[in-house]
Participant: 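Supplied in structure tokens, the structure appears directly below.
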Amino acid sequence: MPLYNPATVEPKWQRFWEENATFQTPRLPSDSAAGSGEKLYVLDMFPYPSGEGLHVGHPEGYTATDIFCRHWRMRGKTVLHPMGFDSFGLPAEEYAIKNNEQPRGFTEKNIATFVRQLKSLGFSYDWSRQLATTDVEYFRWTQWIFLVLFDTWFDEQTQKGRPIAELPIPDDVQKQGEAVVEAYRDERRLAFQSHAPVNWCPDLGTVLANEEVIDGKSERGGYPVQRIPLRQWMLKITAYADRLEKDLETVDWPESVKALQRNWIGKSIGAEVDFFLPGDGGPDAGTKAFENWKQARKKSGFPRKAGDDTLRVYTTRPDTLFGATYMVLAPEHPLVDRLTTTEHRGAVEDYQRKAGGKSDLERTELAKEKTGVYTGACAINPLNGQRIPIWIADYVLISYGSGAIMAVPAHDERDCEFALKYDLPIVPVVQPPAGYEPSEAEKALSHDKAGATALPYFGGEGAAINSGPYDGTPTKEFKPRVAQDLEAAGLGRAATNYKLRDWLFSRQRFWGEPFPILHELDAKGEPTGRVRAVPVDQLPVDLPHLDDFKPHGRPEPPLGKSPEEWLYVTLDGKRYRRETNTMPQWAGSCWYYLRFLDPKNDQAFVDPEIEKAWMPVDLYIGGAEHAVLHLLYARFWHKVLFDRGYLSTPEPFRRLINQGMILGEMEFTLYALGSAKLAEPGTMPIDVKRVEKNVETGQFVDSISGARAYPIMLGGDDVEKRGDAWVWKAMTDIRVDARSYKMSKSRGNVINPDTIIRDYGADSLRLYEMFMGPLEATKPWDMNGVSGVRKFLDRSWRLIIDAEADGGNADAEAMTLHPSVQDVEPTADQLRILHQTIGKVTADTETLSFNTAIARMMEFVNYFTPEPVRPKAVLEPFVLLLSPYAPHLAEELWAALGHTKTLAYEPWPEFRADLAAESAVEIPVQINGKTKTVLSLPTDATKAQIESAARADERVLAALAGKEPTKVIVVEKGATKLVSFVVK
RNA sequence: GCGAGAGUGGCGAAAUUGGCAGACGCGCCAGACUUAGGAUCUGGUGUCUUCGGACGUGGGGGUUCAAGUCCCCCCUCUCGCACCA
């Protein structure tokens with residue numbers, strides 16, 4: 001029997017869409033010939049074009065956005081739906097090195113493969129807007145945006161990025177001459193150079209951002225990472241921490257992603273406090289000096305920078321200040337050297353060496369056991385004048401706060417562990433509330449000293465004790481009060497801190513955007529330390545051709561080996577050497593959604609009129625793996641461009657959805673007798689029911705239901721041979737574990753979309769991925785499910801096409817309609833089914849509940865298949881409903897029904913509630929909460945009619961047994977009706 | 001430990017505001033057609049049952065005429081973060 005044949009139908013329509021530029025979007029929404037002109041910008045996270053090609057995870061999100069776009073196009077919106085490629089990055093470079101090729105060639109080949117695969121799925125992208133971050137004309141503007149960052153400083157007063165030319169220069173800086181002024185400016189740019197220690201990864205030959213280092217290893221490849229000092233470009237994302245945190249409230253994103261970003265930004269509210277450093281003038285001299293210092297502070301107030309005689313700490317618990325019994329500095333803290341007494345110098349330097357040599361991984365692994373050494377120095381608590389010792393320990397991080405803490409062992413778990421280990425005093429300053437039960441963490445820490453009764457550590461809130469004038473103050477009041485008092489005395493102030501660090505933006509690799517930055521050289525060709533931007537009219541700075549761009553394990557970038565004519569530049573009579581670092585892969589993806597608006601513009605990164613008309617992105621769909629990095633970086637750049645007046649919206653992505661991961665097919669393992677594993681991966685189907693049945697009979701068990709199945713491997717002491725069959729000796733416990741795993745080459749469970757398209761067609765792949773379950777859920781692949789949706793498509797086809805005649809031919813003119821398809825008025829029942837389907841599919845498509853929309857269309861086909869007459873007036877709207885989901889099949893059926901134009905812009909079928917309404921309604925009757933019967937009454941029955949009909953029902957009469965109900969409830973909520981009797 | 005999310009048939013999953021739990025699909029069972037095929041069509045399929053019905057949404061309580069849905073306690077799983085003072 002000839003069947004619907006996607007292998008000919010699908011390419012035909014893909015060609016049609018391409019040749020007719022069906023999905024080309026006008027420059028502005030208002031330019032749209034048809035429709036309301038209302039804009040809709042729907043964006044997919046563009047892929048990295050890897051050598052492996054598309055995997056089945058890609059089409060999941062892409063199909064979802066495509067359905068959404070096709071749906072809204074039919075409803076009159078002007079839809080922008082572009083696609084591009086995030087094509088810079090390590091894998092292409094690694095591949096090129098290994099195969100002695102150029103990364104550009106490999107990248108272009110991969111992009112071509114991706115384009116072919118994406119087109120074979122029938123996505124309605126406007127391909128004329130295709131871009132790749134590696135296009136010179138694209139990264140020209142990436143470089144331009146970098147220069148905007150370079151030209152911007154963050155004004156704390158207005159919380160806005162402003163041009164560097166508007167940076168106020170303090171008089172004392174001005175006085176020191178142009179070089180100092182320039183350094184002052186350079187420090188404040190959003191793109192600035194730093195010499196701080198960075199994450200150097202020798203195996204990758206590059207430094208990595210903090211975000212790219214997981215447990216002390218590189219996120220990509222899992223190579224070890226060391227901390228070394230190196231000149232690097234940084235982006236001052238920390239300046240925007242507060243706005244990046246606050247504006248999360250304004251976007252419609254998954255709570256989990258917002259939580260992730262909040263956690264990453266890590267805002268904490270507390271106070272900065274200065275502890276006095278008395279030096280080594282002896283206890284009395286210290287006390288005297290402390291009093292003088294306090295006097296001076298009272299006059300001067302809290303200084304912006306801590307002086308030589310103070311140790312500044314950050315704390316979220318200023319209310320525990322009276323319980324500070326020692327101080328801890330990070331081993332790298334600049335004060336350590338000066339504070340350490342001769343007596344302790346050896347031990348301290350020893351400890352510093354060990355801590356410095358430790359990778360972050362080691363520091364994390366050894367986290368359980370705290371270590372530290374005493375410096376011999378002490379500090380004076382500004383509130384109670386107490387002298388407390390200063391230690392160094394690597395549980396204090398140099399990169400957070402001021403790199404120093406006051407330790408309050410009684411109320412901080414880490415400090416308590418440390419204090420217990422080194423026998424430091426523990427002074428409780430917070431009284432737990434009455435009836436308080438200690439937590440597990442609190443119980444875990446205890447004194448092993450004799451006579452100790454109370455637990456040493458309490459992490460909660462309560463009332464102040466041992467806190468002098470503050471005794472009795474509840475924690476909540478204490479915090480703001482002490483911050484205020486400290487500020488009045490010039491000893492501290494309220495402060496906010498962030499976990500977020502500045503973004504390390506340079507990489508020592510070849511395959512990335514060159515920085516548009518020049519380093520000035522002196523007469524001898526040595527760098528003067530001054531930098532300048534490449535003039536905008538000289539952009540782009542293209543990559544030079546290099547035969548050898550291998551990293552060499554040293555932190556000098558490969559671009560350092562560039563030809564002299566690239567590397568050295570003369571400008572305004574001065575000699576410069578180009579910056580040889582390149583930008584990280586994130587750079588290109590930070591703004592691609594803007595370039596899609598105006599991809600061919602060679603005057604600006606985007607025309608302001610166009611930007612204003614299309615932004616923000618209305619729907620952005622992609623994987624959860626970008627929840628922090630890409631989405632935070634992009635938001636940061638967007639805000640800078642917004643501040644500088646280039647953009648009209650403060651946030652780029654109004655609504656975000658993460659599609660769930662698609663796992664490999666379910667794998668089954670059979671266990672017996674509690675623990676013995678009997679099954680190993682294989683091929684034989686196994687049926688659970690049969691397993692259970694056979695447990696009773698003691699028979700050999702052969703199958704489990706499911707997609708991928710295993711033979712039973714018999715062996716060990718649990719089985720024996722009886723006659724020809726193996727049986728278990730004792731069958732007391734049989735258990736089947738079904739699990740699915742991430743698709744991976746090593747597990748051999750990767751599904752290739754090309755194969756699915758070949759065997760089932762693109763529409764089947766699209767439909768299956770949408771039918772699997774909710775878009776955001778993680779779900780396992782099931783090959784039987786694919787053939788299930790294919791069957792639905794075949795049934796839809798046969799609903800309209802006469803499969804007995806010459807259907808299946810890709811030529812629409814040759815197709816014969818099914819004899820049941822007639823140009824007649826539909827019956828009321830048929831219209832009702834149609835309009836119920838329209839209503840459900842429309843609502844579900846709007847909310848991206850594609851699985852239930854498809855289910856409803858299946859019901860439609862199930863209803864109409866046995867109908868002897870199928871009116872065209874019902875089938876045509878159905879084809880339109882189906883078209884966003886299975887566009888190839890729908891176009892083909894549309895043509896078969898006699899239409900000559902694409903259905904892509906046909907008006908979406910109109911839902912009519914009156915036609916969808918049922919004439920009769922099923923009304924359950926409950927007695928004491930149990931459903932006893934179901935009445936079928938006209939929809940317009942009144943409450944009184946419903947009640948009397950219920951009372952008259954035989955089964956109700958029987959259940960009531962002559963008793964009068966104590967309560968009667970007749971529910972009427974929309975279409976839902978119900979009668980509930982209560983009988984005593 | 002902290003944060004987010006989730007537990008419903010043999011499996012993937014449905015179930016506006018509390019209102020007939022299990023739509024739709026897979027798998028399975030039976031049948032029809034048949035130049036036996038992984039095609040198509042029809043019927044059945046939560047569990048138990050003494051065939052009246054009883055039970056059933058991770059477990060235990062509660063609110064309600066009515067709970068997968070609301071409240072309290074607990075368990076399990078997934079993902080993320082993790083010495084951030």
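Scope of the values below: all heavy atoms of this structure, side chains included, with no hydrogens, waters or symmetry mates. Convention: sequence-line order gives letters A, B, ...; per-chain numbering from 1.
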Participant: Which part of the nucleic acid, if any, lies within contact of A/Asn497, taking any heavy atom under 4.0 Å across all strands shown: a base, the sugar-phosphate backbone alone, or nothing?
Facilitator: nothing
Participant: Could you spell out the base pairing of RNA chain B as a dot-bracket line? Use Watson-Crick and G-U wobble contacts where both distances are under 3.5 Å, [ ] for crossing pairs, | for partners on a different strand.
Facilitator: (((((((..(((......[....)))((((((.......))))))(((....)))..(((((..]....))))))))))))....
Participant: It should be established whether A/Arg798 places a side-chain nitrogen or oxygen under 4.0 Å from OP1 or OP2 of nucleotide B/rC41.
Facilitator: yes
Participant: Side chain of A/Val396 only, heavy atoms from C-beta on: which candidate in B/rA23, B/rG12, B/rA85 is closest?
Facilitator: B/rA85
Participant: Remember a base hit wins even if backbone is also touched, and classify A/Pro774 as base, sugar-phosphate or nothing at under 4.0 Å, heavy atoms.
Facilitator: sugar-phosphate
Participant: Which of the following nucleotides, B/rC24, B/rC26, B/rG3, is nearest to the side chain of A/Ala259?
Facilitator: B/rG3
Participant: Please test A/Lys779 against A/Glu769 for salt bridge (charged side-chain N to carboxylate O under 4.0 Å, His left out), starting from the C-alpha separation and ending with a verdict.
Facilitator: CA-CA 10 Å; A/Lys779 43 216 175 256; A/Glu769 293 205 5; over 6 Å; no
Participant: Could you tell me whether the phosphate oxygens of B/rC81, OP1 or OP2, come under 4.0 Å of any side-chain nitrogen or oxygen in A/Asn263?
Facilitator: no
Participant: For the pair A/Tyr422 and A/Phe418, name the ring-plane relationship: parallel under 30°, tilted 30 to 60°, perpendicular over 60°.
Facilitator: tilted
Participant: In this structure, are over 12 heavy atoms from other groups packed under 6.0 Å from A/Lys742 atom NZ?
Facilitator: no
Participant: Whole angstrom is fine here: how far is it from CG in A/Asp802 over to C1' in B/rU40?
Facilitator: 15 Å
Participant: Closest approach to the side chain of A/Ala855, judged atom by atom: which nucleotide of B/rA15, B/rG19, B/rC24 is it?
Facilitator: B/rC24
Participant: Is there a side-chain polar atom (N or O) of A/Lys967 under 4.0 Å from OP1 or OP2 of B/rC65?
Facilitator: yes
Participant: Identify which nucleotide among B/rG19, B/rG25, B/rA85 has an atom closest to any side-chain atom of A/Ser980, counting heavy atoms from C-beta outward.
Facilitator: B/rG19
Participant: Starting from the 5' end of RNA chain B, give me the residue, A/Gly788 or A/Gly266, whose nearest nucleotide shows up first.
Facilitator: A/Gly788
Participant: Give the nucleotide from the list B/rG38, B/rG19, B/rC65 with an atom nearest to the side chain of A/Ile969.
Facilitator: B/rC65
Participant: In whole Å, what is the span from the CD1 atom of A/Ile927 to the P atom of B/rG53?
Facilitator: 13 Å
Participant: Measure from the side-chain heavy atoms of A/Val982 and tell me the nearest of B/rA23, B/rG38, B/rC65.
Facilitator: B/rC65
Participant: Would you compute the distance between atom CG of A/Leu629 and atom CG of A/Leu260 and round it to the nearest 0.5 angstrom?
Facilitator: 9.5 Å
Participant: For A/Glu922, report the nucleic acid contact type (base, sugar-phosphate, nothing); a contact means any heavy atom under 4.0 Å.
Facilitator: base
Participant: If the cut-off is 4.0 Å, is A/Ser268 near the phosphate of B/rA85, judged by side-chain N/O to OP1 or OP2?
Facilitator: yes
Participant: Of the options B/rA13, B/rG38, B/rA85, whose atoms approach the side-chain atoms of A/Lys779 most closely?
Facilitator: B/rA13
Participant: Between B/rC24 and A/Asn862, is there an OP1 or OP2 to side-chain N/O distance shorter than 4.0 Å?
Facilitator: no
Participant: Could you tell me whether A/Glu859 contacts a base, only the sugar-phosphate backbone, or nothing, with contacts defined as non-hydrogen atoms closer than 4.0 Å?
Facilitator: sugar-phosphate
Participant: Would you tell me if any nitrogen or oxygen in the side chain of A/Lys791 comes within less than 4.0 Å of OP1 or OP2 on B/rC26?
Facilitator: yes
Participant: Can you tell me how the ring of A/Phe792 sits relative to the ring of A/Phe878, calling it parallel under 30°, perpendicular over 60° and tilted otherwise?
Facilitator: perpendicular
Participant: Between A/Arg795 and B/rC41, is there a contact of a side-chain N or O with OP1 or OP2 at under 4.0 Å?
Facilitator: yes
Participant: Measure from the side-chain heavy atoms of A/Met858 and tell me the nearest of B/rC24, B/rA14, B/rC26.
Facilitator: B/rC24
Participant: Considering only atom P, compute the distance from B/rC55 to B/rA67 and round it to an integer number of Å.
Facilitator: 12 Å
Participant: Heavy atoms from C-beta onward define the side chain here; which of B/rA13, B/rC81, B/rA23 lies closest to that of A/Lys499?
Facilitator: B/rC81
Participant: Would you indicate which nucleotide in B/rG25, B/rA4, B/rA23 comes nearest to any side-chain atom of A/Thr852?
Facilitator: B/rA23
Participant: Take atom C1' in B/rU78 and the same atom in B/rC24, then report the distance between them in whole Å.
Facilitator: 26 Å
Participant: Go nucleotide by nucleotide along RNA chain B from the 5' end; which of A/Thr315 and A/Glu255 gets its closest nucleotide reached first?
Facilitator: A/Glu255
Participant: Is it true that A/Asp794 and A/Arg798 make a salt bridge, defined as a side-chain N closer than 4.0 Å to a carboxylate O?
Facilitator: no
Participant: Figure out the CG/P separation between A/Asp782 and B/rG27, and round it to whole Å.
Facilitator: 8 Å
